[in-house]
Number of protein chains: 4
Amino acid sequence: MRHSTIRGVVPPVVTPFHPDGTVDTVSLARVVDHLADAGCDALFALGSTGEVAYLDRAQRALVVRTAVEAAAGRVPVLAGAIDMTAGRVLEQVAEAVAAGADGIVATAPIYARNDAAEIEAHFRAIGAGCPVPLFAYDIPVRVHTKLDHTMLVRLGLDGVIAGVKDSSGDDVGLRRLVAANAAAGSPLTVLTGHEVVVDAMMLLGADGVVPGLGNVDPHGYVRLLAHAQAGRWEEARAEQDRLAALFEIVFQSPGRSGDAAGVGAFKAAMHHLGLIDSATMAPPVQAPDQAAVAQIVAILDATGLRSPAAAATRPA
Amino acid sequence: MRHSTIRGVVPPVVTPFHPDGTVDTVSLARVVDHLADAGCDALFALGSTGEVAYLDRAQRALVVRTAVEAAAGRVPVLAGAIDMTAGRVLEQVAEAVAAGADGIVATAPIYARNDAAEIEAHFRAIGAGCPVPLFAYDIPVRVHTKLDHTMLVRLGLDGVIAGVKDSSGDDVGLRRLVAANAAAGSPLTVLTGHEVVVDAMMLLGADGVVPGLGNVDPHGYVRLLAHAQAGRWEEARAEQDRLAALFEIVFQSPGRSGDAAGVGAFKAAMHHLGLIDSATMAPPVQAPDQAAVAQIVAILDATGLRSPAAAATRPA
Amino acid sequence: MRHSTIRGVVPPVVTPFHPDGTVDTVSLARVVDHLADAGCDALFALGSTGEVAYLDRAQRALVVRTAVEAAAGRVPVLAGAIDMTAGRVLEQVAEAVAAGADGIVATAPIYARNDAAEIEAHFRAIGAGCPVPLFAYDIPVRVHTKLDHTMLVRLGLDGVIAGVKDSSGDDVGLRRLVAANAAAGSPLTVLTGHEVVVDAMMLLGADGVVPGLGNVDPHGYVRLLAHAQAGRWEEARAEQDRLAALFEIVFQSPGRSGDAAGVGAFKAAMHHLGLIDSATMAPPVQAPDQAAVAQIVAILDATGLRSPAAAATRPA
Amino acid sequence: MRHSTIRGVVPPVVTPFHPDGTVDTVSLARVVDHLADAGCDALFALGSTGEVAYLDRAQRALVVRTAVEAAAGRVPVLAGAIDMTAGRVLEQVAEAVAAGADGIVATAPIYARNDAAEIEAHFRAIGAGCPVPLFAYDIPVRVHTKLDHTMLVRLGLDGVIAGVKDSSGDDVGLRRLVAANAAAGSPLTVLTGHEVVVDAMMLLGADGVVPGLGNVDPHGYVRLLAHAQAGRWEEARAEQDRLAALFEIVFQSPGRSGDAAGVGAFKAAMHHLGLIDSATMAPPVQAPDQAAVAQIVAILDATGLRSPAAAATRPA
């Protein structure tokens, strides 16, 4: 019942804002269309790339509802239920499911200081109250906990979680997870969150990817996955190399915060490509400055990524 | 308007639970009485010691309301508004103020990845929406950010915050904060969160303490502060040495989580002393086991801390 | 002049000890033979796996001399020159080169607290005094510094370093290094130090691997590299999966130190396979206990790794 | 036999260099004179402030010999024996003792990855080969290990170590160490390495301080300790507040390394005060730039610290 067939390319959808800071549902729907049309396998709303930490309850519900409606059944929509502990997470699960989410993504406890047994109990409590497939989100850079791979497989075997989104950057850990999962009959879908080593992680045994950069260039990731799934590893690498070059957009705001530089770069690129109406970030984060945007645009141009509209309005 | 006269002994009040996990308001009121009667200067509900991370919206409001009613104007009640970013924090500010909180305590952003300018903007946004005095809560072990002392003084001068609760354990930073605050005309009240070095931090210039251990032995901290404020430093040290010996209760659950060992020890001691009806912790945290409780009781006995009831029922 | 043709399989050679703690040169020579015969491309003496931190000057020189003599020109021998700062490193460079080392491996400063410019100057100072090719050793888990990829490529272009041994576990960083190196004309040889993701790192563009586990099963790594270099990625993955299963030997001493569990497991396995006479570790580290050794042997058996001698003496 | 009477003010002596990078023994002797004349209780050569990490064997021996000769029996001289593991540390112990050191200061293993039992064995091995009193140096910011206070007291009771230099910044840990040491009959001398909270740490029970800033203003620390030892805590605080204001010199090189900003500031101040002939740092570290020096001088002036020579040559 908890098993999920979600795998492949699952972009963490950005949350567009109007310049006044309200959620821009029109742009959001446009992004969802763009991603679904490009052949993505599923979408992940309210992830870190979706600026989930900055959204209040009403905004979170609005984002999920908008994404689900725009997806219109073409692709399933996962929703992040990101909060401190299980009881609070379940409040968000209820709202996300009411808004139509097809699956939930949740982290280890935040702010609380828990040990391994408590973290496992945390996921079991969420699983017990979650009516749709649950994915564990391993993102130590934000949660400051690394999820143990034996715990994850145990939760998979017990039907608590359907999969893992691994944004830990620990590829030794990922391989141990893949091996343990395979030995247990593959109860888990394993998705990597690192968009510049997808070729390598697919070779290693991952089932898919949650690429923030997929907001900017979903077609690239769809091609990359197709190559990997067909065993065309050299072609996969070439596509990934191109996407890795594109990923350099996130390094153009030195000295700025991780959210400003990373998500900000995705939004600046998407705005340049005509995918969203404004690159506005959730306060207090400011969008990349003009100099950074110029460099981002130069990188887009260098990798051949240009919208028809943009191409028409700018001299070649 | 934002200035606060709160200083001295400000215990972070534990949140007692019934064995079924619901908030035990009767025990909570008893604890508040105990702390107010002991001479504490203010109370801090919904702090880390109050297991704030584990409480949902309704529970948080119930805790503040119960504490405020039990305090009955004898002491002001601060409330933690602990959430990821300013917008979400302000939702909690509104509820805490509606429940009667006399002041608010908030941290830097959590989960979000922000730089110095964004963190300052975060506090300014909270301050703009907070109708009661605001305290900045510096607790890197949970928030993974250290607050800069020059920013804090700037926020104080601008009337954004009334004080700081420093649980950073960085005493060099604390001295720099105290010096910068004094040079600026002391806009901030500086409270240390480290209950075993209060004598030292008061000598160094702190205005008070937020001692988790104060739930167990408020009289000790009241005496300690009185000694410090009167310049009786040797007596302050002796009292602190006794309290530091008592603090060893938090080290009796090796291998357990910080929350289980620390808050769990406070609750086990309070239960033993008849202050709360159950040592139940918020799930998924388990109370200290029998062996740990036995050691905790032995430490209480060794430091002469015993309730009349407990003294009557156990052989001397 | 500084360019190096070293790439492929470059095991970090263990340092065998007699039970009395003196270096066992006979076993060391046997290991070198074993590795050279298996087809390894080069050897790396005095790495972390070689317990370099525990060896005094005389022992370090003895290890290099023994390895060079045993290699007898069949394979080049790199030597670690691991010390705190450039001047001290250069003392060790001189001794290693005098002992016959064909190349040197050095880290960022240790114990000293340096910024990016100082770290680059450190490598330039070492390079200026090093008459053989120099490799930068990126191992933050021990040195607590991550080497910047743009600095590494700059040092390569300037002829300061010939290559990088990347034990950082940061595969995003590795891909950026590989891309920047390629864009600069490939002045650097890039070797990964992570022995369980070699298939992935070779696909990603690494030139070789420094596998601690290669001491135990060099043939496996030689096959793995051959597959990768020929573009047989599925076969590379299958071989790597087998080696990753074998790598589980390092997780059989829970609660023990990294050196005891990791290098200890390699030595226990090598002793079991008849490659070294004793699994003795440098004091104060103790070899894995009997229970751990039993599990290590079971893993060796499960992966089909058994010496003829061992096979003969134990029932099938 | 291992017991030490060293306590009080024990500055970690800077190592002056000529502009060509050689050790300036004349300036070093002058500094030693200055410190001894000011009433310091002992000196600590080859500490972090002494840039020990950057000194080769010959330089280390020269520094100890020079300091011992200049001290001429007026004050004992401790020497750092800073290296990776016990065998290597003992090589340095032998040289330092041969050069006249009255005591040795050593850290937990560096670069090696050891557990608690191995760290204790490491100190026992050093103690067994050290003919003079041994001090354990707790400096996690460089060694990346925190020494356990129960281990330290055990080593004290067993005569392995005579004391502890605590540069951990963990004042809760320091109080636990002081309490455990007192309960064991005070086998250890406990020195704090944090020069801006000496009043607080003395109140808390420390026996003395190892102040880097004591190179610049030893008289201040001698007065501070005298106040503390006499129970004049308000006067101690006032003196410490003055010294803390002086300590701001180390924050005048933002963006520079810890060694450049910290030790560099001490040297710049000492050069300005005529105590050393050059502010040269060990390569690759550069002395603070002109702007930083100007700010350092302004801070010196503001705290009234001025050499007669400097006062004569600059307009008041």
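As the structure is a prediction and not an experimental result, all values here were calculated from the model.
- If you measure heavy-atom distances from A:Arg237 to chain C, the contacts under 4.5 Å come from both the backbone and the side chain.
- Looking at C:Ala179, neither its backbone nor its side chain comes within 4.5 Å of chain A, counting heavy atoms on both sides.
- Each of C:Arg176, C:Gln240, C:Met201, C:Glu234 has some count of heavy-atom pairs under 4.5 Å with chain A, and the biggest count is that of C:Arg176.
- One finds a salt bridge joining A:Arg142 and A:Asp259 here, because a Lys/Arg side-chain nitrogen approaches an Asp/Glu carboxylate oxygen to under 4.0 Å.
- Using a 4.5 Å cut-off between heavy atoms, A:Glu195 does not touch chain C at all.
- Judged by distance alone, the side chain of C:Asn181 and the main-chain N or O of C:Thr189 form no donor-acceptor pair under 3.5 Å.
- Proximity of A:Arg7 to A:Asp41: side-chain heavy atoms (C-beta onward) are nowhere separated by under 4.5 Å.
- The existence of a salt bridge linking A:Arg223 and A:Glu235 is excluded, since no basic side-chain nitrogen approaches an acidic carboxylate oxygen closer than 4.0 Å.
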